[in-house]
> 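Here it is, the structure, as structure tokens.
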Amino acid sequence: MRLARFPRRRYTPAPTPLEPLPRLSAHLGLDIWIKRDDQTGLAMGGNKTRKLEFLVADALAQGADTLVTVGAPQSNHCRLTLAAAAKEGLKCCLLLEERVPGSYEKAASGNNFLFGLIGAEAIHVVQAGTDLNDAMMTIADELLSQGRKPYLIPGGGSNPLGALGYVVCANEIVQQSNDLHVAFDHIVVASGSTGTHAGLLVGLEAAHAGVPVIGVNVRRPRAEQEANVFKLVHETADFLGVPHPDRSKVAARDEWVGPGYSLPTDEMIDAVKRFASLEGVLLDPVYTGKAAAGLIGMARRGEFAAGERVLFVHTGGAPALFAYQSLFQP
Ligand SMILES: *Cc1c(COP(=O)(O)O)cnc(C)c1O
């Protein structure tokens with residue numbers, strides 16, 4: 001693969017751990033393992049760090065002085081983009097989309113607190129339904145008129161360049177699986193802006209890994225999400241010059257979204273508590289809590305054969321727990 005041809009910054013010194021979860025496994029009658037992508041580098045880690053290695057390298061190659069990106073009020077992506085900007089000596093402007101009306105609170109904890117601490121140059125808040133690319137262009141135009149050099153990063157860092165971060169992760173998983181001599185029957189991952197899901201599919205296909213990936217949606221209905229994932233799969237594979245996996249390999253389950261993006265469900269609360277109390281692993285309320293609810297739900301419904309080996313990709317997000325503390329009181 002041509003990964004080494006793309007400029008890349010390094011924010012995580014070594015492969016993230018891949019480890020068994022024996023107590024959760026006993027509880028569910030499966031052999032569950034976890035890929036600790038909550039332990040990537042930059043401020044408190046998470047999946048966006050891998051995408052930013054490629055995106056920020058591109059920004060630097062283009063001589064940018066300011067990163068501009070977009071996310072929800074508790075965006076992990078915005079936290080990590082800010083951290084990368086700080087580390088590289090760049091400025092960073094955020095566009096926050098109020099996906100849940102009235103949900104932006106200036107004094108909120110969690111990631112929102114960290115936006116101020118790490119030092120966003122500006123935070124623009126817009127309502128759901130706003131054309132986000134347009135709004136980012138407006139911010140960029142204003143910076144340009146001041147003689148600045150903005151670099152736009154789409155929501156979640158999910159374009160073909162960002163998705164390369166998860167092609168890298170797929171390679172890492174294949175390597176660790178071989179080194180440990182542990183073969184996986186399924187991989188389960190949260191599916192949001194699609195870069196993670198699509199990058200994994202492209203990387204696993206290119207490595208001929210033969211492991212199916214089950215995406216668990218956090219926002220969109222199945223058909224819409226699968227179309228979005230497949231579009232980015234296509235674009236990323238073309239960009240990289242590798243064959244793309246076919247449409248039948250894209251699965252994005254929507255039974256655990258609940259009432260909507262970032263809105264809590266009982267299954268999410270149960271999954272977060274279970275991972276914490278059985279394994280000491282901290283999930284998050286918006287992404288990994290729902291993905292883990294999907295994993296537990298599929299196990300309970302008998303969708304996996306007894307003893308099957310399932311790899312759960314932990315994409316981070318625990319800093320948001322502090323903005324949702326009241327949900328988890330005993
Ligand atoms: C952004 C995010 C996801 C979803 O990844 P996408 O690449 O946007 O699909 C999953 N988990 C966490 C914690 C995230 O912040």
Side-chain angles (χ1 to χ4, degrees), residues 16 34-40 42-55 69-83 97 99 110-112 114 132 153-170 187-203 213-220 224-233 235-236 250-254 256-257 261-262 268 271-272 275 281-295 312-324:
T16 59
I34 190 166
K35 175 66 173 161
R36 298 296 303 265
D37 266 23
D38 56 322
Q39 294 185 10
T40 56
L42 299 176
M44 303 181 90
N47 61 343
K48 305 312 180 305
T49 297
R50 289 192 188 268
K51 303 177 184 185
L52 289 163
E53 291 193 336
F54 289 97
L55 294 164
T69 198
V70 56
Q74 279 297 332
S75 169
N76 301 300
H77 167 68
C78 288
R79 163 181 38 96
L80 290 167
T81 303
L82 274 164
E97 183 197 12
R99 292 179 193 166
N111 285 310
N112 179 76
L114 299 175
L132 299 174
I153 298 178
S158 287
N159 58 17
L161 190 60
L164 295 186
Y166 271 82
V167 174
V168 170
C169 181
I187 293 176
V188 173
V189 67
S191 192
S193 67
T194 77
T196 304
H197 190 173
L200 284 174
L201 285 170
V202 170
V213 177
I214 306 170
V216 181
N217 301 351
V218 298
R219 184 176 188 187
R220 300 186 193 282
E224 191 182 334
Q225 184 70 5
E226 289 184 353
N228 289 346
V229 173
F230 189 53
K231 181 167 180 279
L232 188 57
V233 159
E235 292 169 354
T236 305
V250 180
R253 304 282 297 260
D254 63 7
W256 294 277
V257 175
Y261 176 80
S262 80
M268 176 280 288
V272 169
F275 269 67
V281 170
L282 299 178
L283 301 179
D284 81 285
V286 181
Y287 297 94
T288 55
K290 286 185 178 173
L295 169 69
F312 180 77
V313 180
H314 187 163
T315 45
L321 279 174
F322 301 101
Y324 290 78

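Each ligand, and each atom within it, is numbered from 1 in the order the structure gives.
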> Under a 4.0 angstrom heavy-atom cut-off, which atoms of ligand 1 come close to Gly317?
13 (C)
> Which residue owns the protein heavy atom closest to atom 11 (N) of ligand 1, what's the atom, and how far is it?
Thr315 OG1, 2.6 Å
> Relative to the heavy atoms of Lys51, which atoms of ligand 1 are at a distance of less than 4.0 Å?
6 (P), 7 (O), 8 (O)
> I'd like to check whether Lys48 has a polar contact with ligand 1, where a contact means an N/O of the residue lying under 3.5 Å from an N/O of the ligand.
yes
> May I ask whether Gly156 places a heavy atom under 4.0 Å from ligand 1?
no
> What is the distance from atom OH of Tyr287 to atom OG1 of Thr315, rounded to the nearest 0.5 Å?
9.0 Å
> Is it the side chain (CB and beyond), the backbone, both or neither of Thr194 that lies under 4.0 Å from ligand 1, heavy atoms counted?
backbone
> Rounded to the nearest 0.5 Å, how far apart are CZ of Arg253 and CG of Asn217?
10.0 Å
> Assess whether atom OH of Tyr261 is packed by more than 12 heavy atoms of other residues, nucleotides or ligands within 6.0 Å.
yes
> Using a plain distance cutoff, I'd like to know if Ser193 has any nitrogen or oxygen under 3.5 Å from a nitrogen or oxygen of ligand 1.
yes
> Is there a heavy atom in Gly316 that sits closer than 4.0 Å to ligand 1?
yes
> What about Thr288: any of its N or O atoms under 3.5 Å from an N or O on ligand 1?
no
> What do you reckon, does Asn47 have a nitrogen or oxygen under 3.5 Å from a nitrogen or oxygen of ligand 1?
yes
> Indicate whether the side chain of Asn47 and that of Thr196 have a donor and an acceptor atom separated by less than 3.5 Å.
yes
> Looking only at heavy atoms, is any part of His77 under 4.0 Å from ligand 1, and if so is it the side chain, the backbone, or both, or is it neither?
neither
> Show me which atoms of ligand 1 lie under 4.0 Å from any heavy atom of Gly195.
7 (O)
> Start with the C-alpha gap between Ser191 and Gln225, add the side-chain angles, then the distance that decides, and say whether side-chain hydrogen bond (donor to acceptor under 3.5 Å, both in side chains) holds.
CA-CA 8 Å; Ser191 192; Gln225 184 70 5; 2.9 Å; yes
> Taking the ring centre of each residue, are Phe312 and Phe275 less than 6.0 Å apart?
yes
> With side-chain contact (heavy atoms from CB on, under 4.5 Å) as the test, would you mind laying out the steps for Ile153 and Thr81 before giving the verdict?
CA-CA 9 Å; Ile153 298 178; Thr81 303; 4.1 Å; yes
> Should the proximity of Val286 to ligand 1, defined as any heavy atom under 4.0 Å, be assigned to the side chain, the backbone, both, or neither?
neither
> Which atoms of ligand 1 sit under 4.0 Å from any heavy atom of Asn76?
13 (C), 14 (C), 15 (O)
> Between Arg220 and Asp254, does any NZ, NE, NH1 or NH2 come within less than 4.0 Å of an OD or OE carboxylate oxygen?
no
> If you measure every N or O of Gly192 against every N or O of ligand 1, does any of those distances drop under 3.5 Å?
yes
